[in-house]
**Student:** 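Shown below is the structure under consideration.
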Number of protein chains: 2
Amino acid sequence: MLDQTGSTETIGEKTYRRIRSDIIFGRLAPGQKLRLERLSTQYETSIATLRELLNRLLVEGLIVAEGQRGFEVMPVSADRWHEIAAMRELLEGHALRQSIESGDVEWEGRVVAAHHKLATLEKQLLSGDRSQTETWKRYDWEFHHALISCCGSKALLDAHSAIFDKYLRYQIIAVVFRGEAAAREHRELLKAALKRDADAAADVLVKHIRDCVQHTIKSGALAS
Amino acid sequence: MLDQTGSTETIGEKTYRRIRSDIIFGRLAPGQKLRLERLSTQYETSIATLRELLNRLLVEGLIVAEGQRGFEVMPVSADRWHEIAAMRELLEGHALRQSIESGDVEWEGRVVAAHHKLATLEKQLLSGDRSQTETWKRYDWEFHHALISCCGSKALLDAHSAIFDKYLRYQIIAVVFRGEAAAREHRELLKAALKRDADAAADVLVKHIRDCVQHTIKSGALAS
DNA sequence: TCATCATAGATTTTCGAATTTGCCTATTGA
DNA sequence: TCAATAGGCAAATTCGAAAATCTATGATGA
């Protein structure tokens, strides 16, 4: 998710990450038409460069292209939300089991560290300070990523990153905040991981995801 | 896999499918450098158009871009091969279970039809006629796709298509032909699907994939 | 002899404009 | 009044060339 910049970064790369982030964090609304001309002035790049990164977002499933009538931000729907959540369950659940089985002390360290950062920010959020949402989401990702980091498959990790970002998009759009419940599940996840109880961890993860989906569906933030 | 053309197809689209197919079927060798100038003359397009589709293949994981030193065809390795096979197991196995559970008669029809076409071609291949490899591979895909077509998740089907094509690439590169064994597994898959025995089907699938990987590894076609 | 730096050539990245395609409106004929 | 078609405008697609970047070669100095 939202990987950090290199020093000699191409402007196409920079704009790519910017637009990608704008989609995920809802600054570009679902279904919004992406006129090349307009984007060109807004992001200060040429149309050709824009088209390159738009093509990338296209195969990522973050935007859609309808024939030769240009691009638009991928629409959202309850159906898609369920599909994305199910994909996350499948990929992350599988990776979690593998990772817990083969993780070493180094891995435990990463998991503990990531959880510490996440828990700290969650405490802050629970006390009412909502200013750091983006950092929180990054820490959330870092924790879940740390958990599965020893799954042994780069292909699996890549697929997970991709689906996680789409999942995140729905969370942002639906303004999900499950505060204490989510924080507790994170603690349970940490505990199960350190105890090397893959079954328990997978169960918590499934609950974590399903409750989040339920929460947003009930809130009615998504047009079905 | 290799979806068919629309009538009003853009030349970028056409070239995209062409290069994609050239990579998958090994006409562009793993690790090969993709010089823009050269591709531009070879595929008769402008560099800008080329870069658009190259960016697509990039996020598909069919090519790699190293900084601003251009693109090259994704290299192959035994490790990657195992990862791709494992991903296929995970995605197709899951989709297969879902699909078998919720498939209707319509679905059974598609499965039977797809298997008939595949079996016919396999018989032809077994008799020594290797001229129709590409058609064979398409039928193989159509059969596996038909089996999982009722899984209920477009996201899952898309992810499967993507991984299947990469899997296919390794099969082609390693010149895999398991003839009778593969044909038998296809028959078993068909039988289990019609009997709605998801467990049996999943088992056959896993064997189908693992034996294929074993077969290529043993043949030593891949530099580890 | 070796490492460092500068320069030229090759390649990628970026751009602005030309071409093509799709869309909307108005006009014609029934 | 309605359907069909032509024309004009807006937008996407494609291109060729300029700008930026990398790579390889050779010169310089310790």
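By convention in this document, chain letters (A, B, ...) are assigned in the order of the sequence lines, proteins followed by strands, and residues within each chain are numbered from 1. What's counted below: heavy atoms across the whole structure, side chains too, no hydrogens, waters or symmetry copies.
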**Student:** Check this for me: does any side-chain nitrogen of one of B:Asp158 and B:Lys154 sit under 4.0 Å from a carboxylate oxygen of the other?
**Tutor:**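 B:Lys154 and B:Asp158: salt-bridged.
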**Student:** Residues in salt bridge (Lys or Arg N to Asp or Glu O under 4.0 Å) with B:Arg97, at least two apart?
**Tutor:**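 Partners of B:Arg97 under the salt bridge (Lys or Arg N to Asp or Glu O under 4.0 Å) test: B:Asp199.
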**Student:** Hey, are B:Glu9 and B:Lys14 close enough for a salt bridge, meaning a charged N less than 4.0 Å from a carboxylate O?
**Tutor:**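 Salt bridge between B:Glu9 and B:Lys14, a charged N being under 4.0 Å from a carboxylate O: no.
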**Student:** Under 4.0 Å between a side-chain nitrogen and a carboxylate oxygen: does that hold for B:Glu134 and B:Arg27?
**Tutor:**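 Looking at B:Arg27 together with B:Glu134, the answer is yes, because their closest N to O distance falls below 4.0 Å.
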**Student:** Going by the rule ring pair (Phe, Tyr, Trp, His ring centres under 6.0 Å), which residues pair with A:His144 if we only count those two or more places apart in sequence or in a different chain?
**Tutor:**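 If we apply the ring pair (Phe, Tyr, Trp, His ring centres under 6.0 Å) test to A:His144, skipping adjacent residues, the hits are A:His186, A:His208.
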**Student:** Between A:Glu122 and A:Arg178, is there a salt bridge with N-O shorter than 4.0 Å?
**Tutor:**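 Result for this pair is no, no salt bridge flagged.
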**Student:** With sugar-phosphate meaning primed atoms plus P, OP1 and OP2, does B:Leu34 contact a base, only sugar-phosphate, or nothing at under 4.0 Å between heavy atoms?
**Tutor:**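 Counting heavy atoms under 4.0 Å across all strands, the contact made by B:Leu34 is with sugar-phosphate only.
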**Student:** Under a 4.0 Å heavy-atom cut-off, which of residues 59-69 of chain B touch DNA chain D?
**Tutor:**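 Output list: B:Gln68, B:Arg69.
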**Student:** Under 3.5 Å, is there a donor on one side chain and an acceptor on the other for A:Ser77 and A:Asp79?
**Tutor:**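 No, no side-chain donor-acceptor pair sits under 3.5 Å.
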**Student:** Tell me, please, the opening and closing nucleotides of DNA chain C, 5' to 3', among those with an atom under 4.0 angstrom from a non-hydrogen atom of chain B.
**Tutor:**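 So the outermost contacting nucleotides come out as C:dT11 to C:dT14.
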**Student:** Need one value for A:Arg51: base, sugar-phosphate or nothing, where a base atom within 4.0 Å counts as base even if backbone is also close, heavy atoms only.
**Tutor:**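 Since a base atom lies under 4.0 Å of A:Arg51, the category is base.
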**Student:** Quick one: label A:Ile47 by what it contacts on the DNA or RNA (base, sugar-phosphate, nothing), any heavy atom closer than 4.0 Å.
**Tutor:**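 The answer is base, as A:Ile47 lies within the cut-off (heavy atoms under 4.0 Å) of a base atom.
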**Student:** Which residue, B:Ala48 or B:Arg35, contacts DNA chain C at a nucleotide closer to its 5' end, judged by nearest heavy atom?
**Tutor:**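 Going by which nucleotide is closer to the 5' end, it is B:Arg35.
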**Student:** Can you list everything that forms a ring pair (Phe, Tyr, Trp, His ring centres under 6.0 Å) with B:Trp107? Sequence neighbours excluded, please.
**Tutor:**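 Testing B:Trp107 for ring pair (Phe, Tyr, Trp, His ring centres under 6.0 Å), a comparison that skips the adjacent residues, returns none.
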**Student:** If you measure from the Lys or Arg side-chain nitrogens to the Asp or Glu carboxylate oxygens, is any gap between A:Arg110 and A:Glu142 under 4.0 Å?
**Tutor:**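 Looking at A:Arg110 and A:Glu142, the cut-off is not met.
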**Student:** Identify the 5'-most and 3'-most nucleotides of DNA chain D with at least one atom closer than 4.0 Å to a non-hydrogen atom of chain A.
**Tutor:**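 The contacted stretch runs from D:dA11 to D:dT14.
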**Student:** Could A:Arg56 and A:Tyr16 be counted as a cation-pi pair, given that NZ or CZ must be under 6.0 Å from the ring centre and within 45° of the axis?
**Tutor:**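 Relative to the ring axis of A:Tyr16, which defines the angle, A:Arg56 lies inside both limits.
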